[in-house]
There are 2 protein chains.
Amino acid sequence: MGEENSYEAIHEYFTKYLREHKHRRTPERYAILEHVYSYEGHFNADILYNLMKQDYRVSLATIYNSLDLLVECKLIIKHQLGNQYAQYERAFGNNNLHHHLICTNCGKVKEFSDKPIRVAIQSKAFVHFKMSHYSLYLYGICGKCKDELKKGIIHIPRFTEDSDDF
Amino acid sequence: MGEENSYEAIHEYFTKYLREHKHRRTPERYAILEHVYSYEGHFNADILYNLMKQDYRVSLATIYNSLDLLVECKLIIKHQLGNQYAQYERAFGNNNLHHHLICTNCGKVKEFSDKPIRVAIQSKAFVHFKMSHYSLYLYGICGKCKDELKKGIIHIPRFTEDSDDF
DNA sequence: TTTGTTGCAAAACGTTTGCAGCCTC
DNA sequence: GAGGCTGCAAACGTTTTGCAACAAA
């Protein structure tokens, strides 16, 4: 898609995708796209369902169905960060070139951006694999939890050959 | 398994962890650790359960309970690659310094290793976040599926385990 | 003895599916 | 008019939980 990330461009892109794949252009699908693209940050199916219920009659099944479709046409990105709700975020109009920090203690998710990492990953090529996108999750302990856990810290010996100094 | 010394260290580390956290050293926990550390590659709770059932009386609940414990003490790594079974792999004695290629068509998972990527990620430091480990997943289309898609075979929503080279 | 852990079964959870009717093409 | 899509509810598959019995501390 072009670099114009206005909502009209998104809408048009979706229309083109639906038409080319012989999927029907239903009002539900457009309503879902609209809500998704006016939502800042990460959301899940339930959040979206409850948000939409306020002013639109839509079922959870249709939400899931449409989210799949939006993932398929790369308008949104799906993250499975645990066995709770899958998380989604829009792919355009958002700063989507980010990675995720996940606190293994409290489960909080934060985003960060890092060019060297991005370059290293994107310059990787495979003979028998065509990369479309990637997800990088860094797990650890956030500042808040670090303070709270200070009492019970145990020493963890490293069995790995490479030592990692963060 | 030819790594007697290694396994002794693992066993000892686990014992220390259990003791320091005031968790009981039950035969089930050691049996699970043993099976996990003699399993090559990725596995899930169900695979482990069925494997252990053959020569050990253990319940799925205890499997899950113990896997959590092993994740907690960093003896195994957990991957949530979709909303199917969570996948685990041992953290030591294995080449765990790898990333994952995931085919978005057939769901096949393949490992690869890349030093520049590893270095870029590991050299990253945060003020309010202490990284313990990370997961990098590259999504795309594997060679096999690329060929099949070319011939018009559409979507194969299957999760396979056989390792073809990417 | 105390109480953390177990096996078992049932419940919980997010997601998918079956179906009758609706609506896009 | 055909059949893809919808809402609804029931079913699904994975994981967690409640509980009585057990066993490690």
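The chains referred to below are lettered A, B, ... by the order of the sequence lines, with proteins before strands, and numbering in each begins at 1.
B:L69 places its CG atom 14 Å from the P atom of C:dG4, with the value rounded to the nearest Å. Here D:dT6 presents its P atom at 11 Å from CE of A:M52, a figure rounded to the nearest Å. The CD1-P distance, from A:I63 to D:dC5, rounds to 16 Å in whole Å. Between the OH atom of A:Y30 and the P atom of D:dC5 there is a distance of 12 Å, given to the nearest Å. For B:Y49 and C:dT6, the OH to C1' distance is 13 Å, given to the nearest whole Å. In this structure, the CZ atom of A:F43 is 16 Å from the P atom of C:dG14, given to the nearest Å. Counting to the nearest Å, the P atom of C:dG14 and the CD1 atom of A:I47 are 11 Å from each other. For the pair A:L67 CG and D:dT6 P, the computed distance is 12 Å after rounding to whole Å.
Each end of the helix from C:dT1-D:dA25 to C:dC25-D:dG1 gets its own rotation axis from five pairs of C1' atoms, and the angle between them is 40° to the nearest 10 degrees.
Ring pair B:H11/B:Y7 is perpendicular by interplanar angle, where above 60° counts as perpendicular and below 30° as parallel. The aromatic rings of B:Y88 and B:F43 lie parallel to each other, with less than 30° between the two planes, well short of the 60° mark.
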Derivation and outcome, side chain to side chain donor-acceptor pair (under 3.5 Å), residues A:E89 and A:H98
CA-CA 11 Å; A:E89 61 180 318; A:H98 58 248; 3.0 Å; yes
A:H35 and A:Y56: side chain to side chain donor-acceptor pair (under 3.5 Å), yes or no, with the steps?
CA-CA 11 Å; A:H35 280 83; A:Y56 201 92; over 6 Å; no
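Contact check, A:N65 against D:dT6: a side-chain N or O comes under 4.0 Å of OP1 or OP2.
At a cut-off of 3.5 Å, with distance as the only test, no side-chain donor of A:H100 or A:Q87 sits close to an acceptor on the other residue. For the 3.5 Å distance criterion, the side chains of B:H99 and A:Y134 fail to qualify, holding no donor opposite an acceptor.
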Where protein sits on nucleotides 15-25 of chain C, one letter per nucleotide: B base, S sugar-phosphate only, - none, heavy atoms under 4.0 Å:
BBB-----BBS
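Within 6.0 Å of atom NE2 in A:H133, more than 12 heavy atoms from other residues, nucleotides or ligands are found, so the atom counts as buried in its surroundings. Residue A:K16 places its NZ atom among 12 or fewer non-hydrogen atoms of other residues, nucleotides or ligands, all under 6.0 Å distant.
B:N44 and B:D46 get closest at one heavy-atom pair: OD1-N, 3.0 Å.
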